[in-house]
Every structure is written in structure tokens, then in C-alpha cells.
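Have a look at the structure below before the remarks.
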Amino acid sequence: MHDLKWIRANPADFDGGLKRRGMQPHSAEILALDEENRAHIAKLQEMQTRRNAVSKQIGKAKGSGDEAKAKELMDEVASLKEDYAAGEKQGGKIADDLNALLASLPNIPLDEVPDGGGEADNVVTRTEGEKPSFSFTPKEHFDLGEDLGMLDFETAAKMSGARFAVLSGPLARLERALAAFMLDIHTTEYGYTEVVPPILVRDEAVFGTAQLPKFAEDLFRTENGYWLIPTAEVPLTNMVREQILAESELPKRFAAHTPCFRSEAGSAGKDTRGLIRMHQFSKVEMVSVVHPREAMDELERMTGCAEEILKRLGLAYQVLTLCTGDMGFTARKTYDLEVWLPGQDSYREISSCSVCGDFQTRRMKTRFREAGGKTLHFPHTLNGSGLAVGRTMVAVLENYQQEDGSIMIPEALRSYMGGLEKIEKS
RNA sequence: GGAGAGGUGGCCGAGUGGUCGAAGGCGCUCCCCUGCUAAGGGAGUAUACGGUAACCCCGUAUCGAGGGUUCGAAUCCCUUCCUCUCCGCCA
């Protein structure tokens, strides 16, 4: 949610930010509504002031037994009532329009974010790790998994349809191992608090992180109105909703391993094979709630946490700074981590770390009180994957495949796999 | 799922139609007093929005949320969310 006061003071910057995202300017429309809204508020408050004053006099008159005076005053206030009801209705509509408009507009990118219209304009900021070399043609992960007999899309399709998978045996364990490995690093080495959050949440929570109202079609919803989380960003960020924190409580860092559910509306025909794009997948997510002045450092730190996982798994990757046209709705700046997939002969997104400024805390009504001071401020939020577990498994399969179709288990993971060194067909 | 009880300020807790933004207590802040410690005295202590250049001041709203009745609602009515107790069911 945007800061109306900031838009009032900086309409050109606001429109400039929207334009960089490929959107039309909106400040004139917003400011017109705002002005109208404030005029209505002033008018209504004036009426209320009068009504309150007269009502108090009625109370006094009745208290002193002066019924005639009371009656007279009651007649006087009666006419006020109609005007007030009409004004309230009109004013309410203006306020609703204004809020709906504000809620529908994406966050303003930071100056340092590269301009661009889409994926092609993202900037490769650095490349890390070494791609493995093969003496044979590396296979894609779905062939590897299916040949091992541990990855089964057909069986999943029978019970759930497309975009679901069944993992079994050592591959199922690998999923659990990866998640535990990631979570252990984030919690014991980087200070994230491990959380097991609800994965069914209500409207308010999803509005808070701004998947609602604009992106409802991307989400699954239960018949009684819960939303299945598309990412643990939703519950983890909402950990601080409607709270006033002490400055000393910041930063707050949460990490969780949860299933995520996405309808993938509009991505028909995309990544139809394999584990890359599922209706259900698991992910380890990081969320930080920080003092505004710490936000940019925290973005680097969080990205580093995600990178550390890739490094320890010995996977090559590149870091992209997303351009204005490819960033998510809430982001002011985003780094994507793309892991090297030899089977696909390409880099694929495995993590996305974003700084959202106060965009989400305004929606959630999260504030913090400055130490020693009285004034309240909105903290800033960040979220990042650390990492997408399914896609990490894809990377392990493709990068550690052997000519015979077996998979070497990365050193760092072996203790989580009961000492197993290699996954092979049984 | 059935039957009850309840949601008031940072916390506890009064308050069943008028002068209540809300008694009292605790906590916290500042000041005074007190030769340590303890005690005592005084003042202050919500948020949002609008009027404003203004965190001074004025106004409006907020007693879980939304709606209604009324000249006037923390107090009455309806809806809804949440919490708790008992029963049932259940991992």
C-alpha cells in the first residue's frame, strides 16, 4: 500500500516509478480523489461536531428536567441527520475508490534497479561456481528420476492430475534432507527463527502481503474461504501483522519449510514436463522485518544466505538483478538466483530475494516504536527463497548424474541421507 | 458438530443509554522528597485521520470487527471474527 502523503508530495516520482514498470501515470487520479475525500471528511466532521455539541446540550437539558428545551434541540438536530447520512454514503464511496486504486498499484522500484520491459532486460550481476563437465550427454531430471523408478508423474496424475508428482524411496528422502539442510543453516548460522506456520490463511493475511486483491486467480481457495499459501512469505510476513514492535526487537528473521500451492493459471504449456512448475511444491522461505535503514544491507545478507546453500551443494549459479518490468508487485528491488541445469543446458530460477520497503507493513498495520522516542514508523520487509526445494532436487539430479543414471549425493547432504553416497536403481 | 461464557487502554479491571477516550490498580516516563535499600508525594502516559508549516493546538473516529436503533451507544439489537469451558468427534 502506498503512502498517500508521499504521493501528495512527490506525484512526479510516483508516476515515474509506475512508468518504469510500464504503467500509466495515476497520481492525478489519486490526488483528485484524495482532495475530494478530504473535503468530504472535513464536511462530515463539521456536522459531527455540531451534532455532538447539540446532543450534549440535550443531555444537560434532560438532566435538569427542561423537557421543552430538550425537545427543541432534538428537532434542530433531526435535520442534520439526513444531511449527514447522505454525505457519509458519498464520502464512503470516494474513500473506497481511493483505497481500491491504491491497493491495485505495484510498489515503486528503487532508482538503482535497471529499467526494462521483461526477462530479457534482467542484468546478470555475478556468476558463481563451476559448471560440471560430462563425458556423456547429461539427461534432464525427469528422465533420471523416472529411470531410477523414484519419480512418478503418471501415478500422481491418476489421483491429482497434471502438475503433481510422486517421489519415492531415496528421492523422497532427498527432499526431506534438502529441506532440513537448508533450514539448519539458516537457523543455526544466520539467526533465522524456525517457524511452522499455518498454510491455510484468511483474506486479510493474503491482502497483507499483496497477493490479494490483484492475484486471486493464482491461488487455490478452500470452499469455506481459506487460501492455500502460494509461499510461506504470506504467513511469515504476517507474523508481525497489527503489531507495534519495539525498535530493539528488530530485525526479526523467520524461516519455514512449507508446501506451497499455485494454480499456475496462465502458464498452460509452460514447463509441462518435470518438477519445475508444480501445483504443489515445497520451499524453505526466509522473511526479515527490519529497520528501514537496514533494509538494503538485509537484502544483500538474505541473498547471501540463499547463495550459501547453493555453494555448499556445489551448484553453479548466477545472480540476476531483475529489471523494473520483471519484478513482482511488492518488490522495490529483487535478486533472482538461477542455478545451472546441465540437462536443460540453461540457468533456471531457484530463489528470488526481494526488499519490499514499507509496502507490506502498511497493509498489515505493523509499526515499530523508535527507542527513546514516541513516534511510530513502518518497518521494512524482505522475503526470499532459501531455496525452492523441488528445484534444488532438480539441480542435484542433473548436476550429480553419472553415466549409468545414478546420482552422487553432494557431500554436504550425506549426513542427512543416513550416510548414503549415491542414489541408484534398486 | 451440540451447549454455555466472554472479548474494554502496555497489562489487570470497573463501567447496562448522556457530562466516558473511558474509574481504579499495575507497569512505564519525568519531577520532588528521602544520607544506602525500601517507602512516600506530584505530573504525565493510546492510535488513525482531518484542520495546519508543525510530533504545540483544535476537531473527528476508535471499548474485537461490520451494520442497525436513538437527538445521543462501551452500554440496546443483528451479523461476523476470535478466545475459553463442557460434551461429541479426531491426528
Side-chain angles (χ1 to χ4, degrees), chain A residues 1-10 30-103 196-208 212 221-227 235 238-249 259 292 358 361-379:
Chain A
M1 189 64 85
H2 293 284
D3 181 2
L4 245 184
K5 285 181 182 164
W6 183 80
I7 299 175
R8 269 179 218 152
N10 308 281
I30 289 167
L31 293 180
L33 273 172
D34 176 43
E35 204 169 312
E36 213 181 333
N37 185 230
R38 282 191 289 163
H40 266 274
I41 289 171
K43 207 168 82 189
L44 287 174
Q45 289 190 348
E46 207 177 300
M47 284 193 255
Q48 283 171 318
T49 307
R50 271 162 64 202
R51 189 199 61 191
N52 288 349
V54 175
S55 288
K56 256 181 202 180
Q57 288 181 291
I58 294 172
K60 273 183 193 156
K62 290 220 169 190
S64 63
D66 188 348
E67 288 296 328
K69 179 86 184 295
K71 179 75 173 65
E72 186 187 317
L73 290 165
M74 281 163 72
D75 289 342
E76 184 187 331
V77 88
S79 68
L80 258 176
K81 215 187 155 187
E82 281 175 37
D83 293 349
Y84 181 78
E88 191 180 39
K89 196 175 171 192
Q90 203 187 346
K93 175 149 184 354
I94 294 164
D96 287 349
D97 288 350
L98 180 58
N99 287 330
L101 179 56
L102 285 174
V196 178
I199 60 178
L200 251 36
V201 295
R202 47 183 351 131
D203 293 355
E204 291 79 10
V206 188
F207 180 85
L212 285 183
R221 191 170 204 210
T222 68
E223 275 190 24
N224 53 355
Y226 289 112
W227 299 94
N238 276 279
M239 290 285 286
V240 294
R241 93 177 335 265
E242 289 164 49
Q243 280 195 52
I244 295 176
L245 306 164
E247 183 174 355
S248 58
E249 292 179 79
D358 59 10
T361 48
R362 285 178 181 280
R363 288 172 168 246
M364 296 191 301
K365 299 183 176 33
T366 304
R367 273 84 46 86
F368 74 91
R369 195 181 298 279
E370 224 168 45
K374 298 187 86 175
T375 49
L376 298 176
H377 304 278
F378 292 101

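Note on naming: letters A, B, ... go to the chains in the order of the sequence lines (proteins, then strands), and numbering restarts at 1 for each one. Keep in mind the model is a prediction, meaning the values are calculated, not measured.
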Show each protein N/O and nucleotides 71-80 of chain B N/O combination with a separation under 3.5 Å, one pair to a line.
residue: B:rC71; atom: O2'; partner: A:S55; partner atom: OG; Å: 3.2
residue: B:rG72; atom: O4'; partner: A:S55; partner atom: OG; Å: 3.4

### Task
Return the nucleotide paired to B:rU34: Watson-Crick means purine N1 to pyrimidine N3 with N6-O4 or O6-N4, wobble means G-U with N1-O2 and O6-N3, both under 3.5 Å.
none

### Message
Looking at B:rC89, which nucleotide sits across from it as a Watson-Crick or G-U wobble partner, both distances under 3.5 angstrom, or is there none?
### Response
none

### Query
Who does B:rC84 pair with, Watson-Crick or G-U, both distances under 3.5 Å?
B:rG4

### Query
Which distance, rounded to the nearest 0.5 Å, do you find between the CD1 of A:I41 and the NZ of A:K43?
12.0 Å

### Watson-Crick or G-U counterpart of B:rG72, or none if no pair lies under 3.5 Å
none

#### Entry: Interatomic distance at C1', B:rG10 relative to B:rC63, whole Å
16 Å

### Message
Applying the Watson-Crick and G-U wobble criteria at under 3.5 Å, what pairs with B:rU47? Answer none if nothing qualifies.
### Response
B:rA61

### Nucleotide B:rU47, atom P - distance to CZ of A:F368 in whole Å
14 Å

### Task
Check whether any side-chain N or O of A:R369 sits under 3.5 Å from a backbone N or O of A:E247 as a donor-acceptor pair, and report yes or no.
no

### Query
Rounding to the closest angstrom, what is the interatomic distance between B:rC55 and B:rA43 at atom P?
28 Å

#### Entry: Pairwise C1' distance for B:rA54 and B:rG72, with rounding to whole Å
34 Å

### Query
So, A:D203 and A:R221, do they make that salt bridge, N to O below 4.0 Å?
yes

### Summary
Answer for the Watson-Crick or wobble partner of B:rC55, both distances under 3.5 Å, is none

### Query
Do any side-chain nitrogens or oxygens of A:R38 fall under 4.0 Å of OP1 or OP2 in B:rG51?
yes

### Task
Any strand is fair game: report the nucleotide pairing with B:rA22 by Watson-Crick or G-U wobble, both distances under 3.5 Å, or none.
none

### Atom P, compared across B:rG51 and B:rA39: separation rounded to whole Å
48 Å

### Separation of B:rG66 C1' from A:D96 CG (nearest whole Å)
13 Å

### Query
Quick one: does A:P292's side chain get under 4.5 Å of A:D358's, heavy atoms only?
no

### Query
At under 4.0 Å between heavy atoms, what does A:R362 touch on the DNA or RNA strands: base, sugar-phosphate, or nothing?
nothing

### Query
In whole angstroms, how far is the P atom of B:rA48 from the CG atom of A:L4?
15 Å

#### Entry: Nearest-Å distance for atom pair CG/P, residues A:N37 and B:rA48
18 Å

### C1' spacing across the pair B:rU83 / B:rG42, given as an integer number of angstrom
40 Å

#### Entry: Interatomic distance where CD belongs to A:E242 and P belongs to B:rA48 [whole Å]
14 Å

### Task
Nearest 0.5 Å please: distance from the CG atom of A:N238 over to the CD atom of A:E204.
9.5 Å

### d(CD1, A:I244; C1', B:rA48) in whole Å
11 Å

### Query
Think A:R367 has a side-chain N or O under 4.0 angstrom from the OP1 or OP2 of B:rA48?
yes

### Query
Choosing from B:rA61, B:rC49, B:rG59, which nucleotide comes nearest the side chain of A:I41?
B:rC49

### Message
I want to check one thing: is the phosphate of B:rC55, taken as OP1 and OP2, less than 4.0 Å away from some side-chain N or O of A:R369?
### Response
no

### Message
Just verifying a value: how many Å separate A:F378 CZ and A:R367 CZ, rounded to the nearest 0.5 Å?
### Response
6.0 Å

### Message
I'd like to check A:L31 versus A:E35 (side-chain heavy atoms, cut-off strictly below 4.5 Å). Are they in contact?
### Response
no

#### Entry: Separation between the C1' atoms of B:rU75 and B:rA14, rounded to whole Å
13 Å

### Query
Given the C1' atoms of B:rG2 and B:rC77, what is the spacing between them in whole Å?
25 Å

### Message
Between B:rA3 and B:rU62, how far apart are the two C1' atoms, rounded to whole Å?
### Response
34 Å

### Message
I'd like to check the ring-ring contact (aromatic ring centres under 6.0 Å, His included) partners of A:H40; sequence neighbours left out, ordered by chain and number.
### Response
none

#### Entry: Base-pairing mate for B:rG66 - Watson-Crick or G-U, with both contacts under 3.5 Å
B:rC78

### Query
Take atom OH in A:Y226; do more than 12 heavy atoms of anything else shown fall under 6.0 Å from it?
no

### Task
Specify the separation, in whole Å, of atom CZ of A:R202 and atom C1' of B:rG66.
14 Å

### Query
Want to settle it: does A:T49 or A:Y226 sit nearer the 5' end of RNA chain B, counting the closest nucleotide to each?
A:T49

### Task
Rounded to the nearest angstrom, tell me the gap between atom CE in A:M364 and atom P in B:rU47.
19 Å

